[in-house]
Amino acid sequence: MKFNLQKFFRDPPIPQTSDSENARGELRAKSSFVQEVGVTIVLLVFILLVVFGVTGKLPMQVASWAAFIAILIVPGYLLTSILCFYHPMELLERLALSLPMGWAVFSLPGLVVMVSHLTYKHLIIGYLITTALVFIASLVFQYAKRDLPYPKITPWKTDEIVLVIILAAAFLAILPFLSSISIDGDLFTFITTVTDTLSGEPIGMRDPMFGTDLSPGLRAMFNQMIPLMTLWTHFSNISAVDLGAYASRATFALWGLFAVFYLGKAVGNGSRRIGLLAACIQLLIYLASPFFRAQNDSTYYFLRTNADKFTVTLTLLPITFGLVLQYIQVGKRVIWIAAALS
């Protein structure tokens, strides 16, 4: 069987629509254009507040969430908004996809700084440049596609709204546990690397634990958690110990639920209900287990949602699997590109 590469990258044909449907689509396009530009401006103001240290003066948890959203979620959300013109996604899906897309954007300055052994000041400059480019690209794309009808999203049903309320209430219930202090030897070693970087030392140049000129190794060289936690600590004005011990786990836990929702909806061939049920199962079986049995493996991993190995498993791999399933179902090349980026 011969593989046709040109056919592989070609999108499926778009069905023809009537004149009345086109008119309604134009009205939706104008409204969506204004809405998307407004959201982009709000996100830009939010980024400026974080960069100039305004949010760093807020309470610790609020400052941590603000810095995390500014570093990863906002650039990823803007990149995802471009994909939405070709593949309809609702808000929960866009939020879920924002994290891997944000990693893809952040990895550009992160890898350059890590491989070239630059300082955290170069990392800040690189982050600002890449984020600015994403903002510009998003605005240009929105203007270029302003006349295209925006994809319609299926209205929410009553039971789906109830499931979202249950998920939100359950997540708020586990927030105190997520915010409890927990630190081990592996995390302490990682914190020393971040602290060493914040002191102005070149990133990845030497081993901070032993003070030698030996490089931390290949795994640490490409570990994007190091530049992420460095920038996160800087923008949130929180010490690396406090951020790693209890001020960064809740964010990854929430995006883990978004990721499972995305995967569940893809498995259900676009069924929002199945996605929400998958997120509920994730929350009940995994996240709620520490409240029923102490000192078990689930409690350990629950307290390590900000560990690099588990962060990938919890927040990135479900999105990749979901995108692969969607590509098999729909065949749009933009989904294939998103899967490659994630």
Side-chain angles (χ1 to χ4, degrees), residues 11 14 24-51 65-109 127-156 251 254-255 257-259 261-263 265-266 270 272 275 315-316 318-320 322-323 326-327 330 332-342:
D11 285 340
I14 300 176
R24 289 193 296 269
E26 291 178 1
L27 292 176
R28 291 199 310 270
K30 294 179 181 179
S31 176
S32 299
F33 172 70
V34 174
Q35 179 181 351
E36 290 293 332
V37 172
V39 171
T40 303
I41 294 174
V42 171
L43 294 178
L44 176 61
V45 174
F46 177 77
I47 287 283
L48 293 176
L49 292 176
V50 173
V51 171
W65 279 84
F68 173 80
I69 293 173
I71 296 170
L72 289 183
I73 304 305
V74 171
Y77 186 87
L78 294 174
L79 190 58
T80 303
S81 66
I82 298 177
L83 303 178
C84 286
F85 283 94
Y86 301 100
H87 180 62
M89 284 183 286
E90 57 184 329
L91 180 60
L92 292 180
E93 291 178 291
R94 294 178 68 172
L95 289 174
L97 195 57
S98 296
L99 184 58
M101 294 297 104
W103 274 116
V105 175
F106 181 76
S107 63
L108 297 177
Y127 159 75
L128 294 176
I129 293 175
T130 53
T131 303
L133 292 176
V134 171
F135 268 102
I136 295 173
S138 177
L139 289 173
V140 170
F141 189 86
Q142 289 168 12
Y143 180 78
K145 301 294 183 180
R146 65 190 183 279
D147 295 329
L148 289 181
Y150 204 78
K152 293 191 298 183
I153 303 299
T154 306
W156 283 72
T251 52
L254 178 60
W255 257 264
L257 291 178
F258 289 151
F261 166 79
Y262 194 98
L263 177 59
K265 188 174 181 180
R272 183 189 295 126
T315 63
L316 301 183
I319 299 295
T320 304
L323 288 168
Q326 288 180 335
Y327 178 76
V330 182
K332 292 182 178 180
R333 60 183 173 184
V334 68
I335 303 177
W336 184 88
I337 295 173
L341 290 175
S342 63

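Positions are given from 1 along the sequence.
- Taking OG1 of Thr131 as the reference point, atom CD1 of Ile136 lies at 11.0 Å (rounded to 0.5 Å).
- No donor-acceptor pair under 3.5 Å is formed between the side chain of Arg272 and the backbone N or O of Glu90.
- Proximity of the aromatic rings of Trp255 and Phe258 is defined here by a centroid distance below 6.0 angstrom, and this criterion is met.
- Not a single side-chain hydrogen bond (donor to acceptor under 3.5 Å, both in side chains) links Thr251 to another residue, sequence neighbours left out.
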Report task. Step by step, work out the side chain to side chain contact (heavy atoms under 4.5 Å, CB included) result for Leu323 and Leu97. Result -> CA-CA 10 Å; Leu323 288 168; Leu97 195 57; 3.9 Å; yes
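- In this structure, Thr80 contributes its side chain and Gly76 its backbone to a donor-acceptor pair below 3.5 Å.
- Using a distance-only test at 3.5 Å, with no hydrogens or angles considered, a donor-acceptor pair links the side chain of Ser81 to the main chain of Leu78.
- For the atom pair CH2 (Trp156) and CG (Leu91), the distance works out to 8.5 Å, reported to the nearest 0.5 Å.
- Counting only heavy atoms from C-beta outward, the side chains of Glu93 and Gln326 approach each other to under 4.5 Å.
- Looking at Tyr77 and Ile69, their side chains never come closer than 4.5 Å, going by heavy atoms from C-beta outward.
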Query raised in the report: Val39 and Leu43: side chain to side chain contact (heavy atoms under 4.5 Å, CB included), yes or no, with the steps?
Result: CA-CA 6 Å; Val39 171; Leu43 294 178; 4.0 Å; yes
Report task. For side chain to side chain contact (heavy atoms under 4.5 Å, CB included), just list the numbers for Phe68 and Ile73, CA-CA rounded to whole Å, side-chain angles, deciding distance to a tenth of an Å, and then say yes or no. Result -> CA-CA 7 Å; Phe68 173 80; Ile73 304 305; 3.8 Å; yes
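- For the atom pair CZ of Arg94 and CG of Leu92, the computed distance is 11.5 Å after rounding to the nearest 0.5 Å.
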